[in-house]
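The block underneath contains the structure these notes are about, expressed in structure tokens.
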Amino acid sequence: MDRRKFVTTASLAGATGLLSACGKQPGTQAACDNQTTAESFEWKMVTSWPRDFPGLGTGANRLAEAINNLSNGRLKIKVYGGNELVPPFEVFDAVKQGTAELGHTATYYWKGKAPEAQFFSGMPFGMTAQELHGWIYFGGGLELWREAYAPHGLVPFLAGNSGSQMGGWFNHEINSIDDLKGLKMRIPGPGGEILKRAGGTPITIPGAELFTALQTGTIDAAEWVGPYNDLAFGLFRAAKYYYYPGWQEPGAGLECMINQAAWDRLPKDLQSIVEVACKAAVMDGLSDFTYNNGVALKKLIDDHDVELRRFPDEVLERLGTISSEYINELALESELMGRIVASFQAYMDIVKPWTDISERTLLNLRPEF
Ligand code: CA
């Protein structure tokens, strides 16, 4: 090809054309380093949340927007609320099968599909948000999570955190562990398993169906997230007592799962953008929940006369024991699960004493400001 004609064609075609000129003439190295800049991608993100739902849906929207902006539009992500493209609990299969390239959800929903997954959003009585992030990013958690998702053709990232949740909405008081017996409660994932072992009946239904189920008495009790999200669904209109603490989810991580084949097609710089945007989404989400949980808690008490109740220590201690037994049993389920439990326990052995002398000490003695 004639050189002049080639250059003209290349400039018209943009950076993709420059790819062919790499190394052939001085000064093209910068262009070669950016050889992928013309390649663009349009991805679908399915979520387990109602569209634009405070904190969860809006967090997914902000993640998609950040990736779009950081990539200068080279990776455009269209966000779908639950049931818009697939139902909330089909996100795992939809991303696995490539119906959507990525999903924004929580790992404990996939307990039946990938039992190891439940650890990475956090376990009952387990890690706080801060501790979970330490395990995922520095304590070996992410490597184990990737290993657990690899057979499903999925690449996982932490992409949000609700922080500590609430224990849930009840229409009668919980004064002893016996009050949980026969209780039909919406509580998904490992928390549901613990309730079952305490004599209750856990039900897993998407958030959007929760209010009606609680109001009509299809279920006796329900946990969703915390004040911010529970206020948005108006759950205070369907139940009398609002219990704390959220023993089932002390720092629930949200995830962004990506279809492996779609991930492999991304150039390195876009992969980095996704990775860093997901990390930013963790901070963004936890900040959103921390502030707005405080605001919503005040509204629930001041404007809606919600009655707060603390689970009795006896109930919490029993649920804690059952949780520990459950985690130890899980270790026997598979070789990988054994390594995940070992990593979880080794991390807790190291980090719990630190949390205890630092934050726990201060939190117990914090003055009014
Ligand atoms: Ca929850």
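When a ligand or atom number is given, it counts from 1 through the structure's own listing order.
- A salt bridge is absent between Asp303 and Lys299: the closest approach of a Lys/Arg side-chain nitrogen to an acidic carboxylate oxygen does not fall below 4.0 angstrom.
- Within the structure, no pair that satisfies the ring pair (Phe, Tyr, Trp, His ring centres under 6.0 Å) test touches residues 62-85, not counting sequence neighbours.
- Between the side chain of Asn293 and the main chain of Phe289, a donor-acceptor pair closer than 3.5 Å is present.
- Below 30°, between 30° and 60°, or above 60°: for Tyr243 and Phe311 the angle between ring planes is below 30°, a parallel geometry.
- Tally of protein N, O or S atoms closer to the Ca ion (ligand 1) than 3.0 Å: 5.
- Ring geometry for Phe92 versus Tyr149: interplanar angle over 60°, hence perpendicular rather than tilted (30 to 60°).
- For Phe211 and Phe233, the ring centers are positioned 6.0 Å apart or more.
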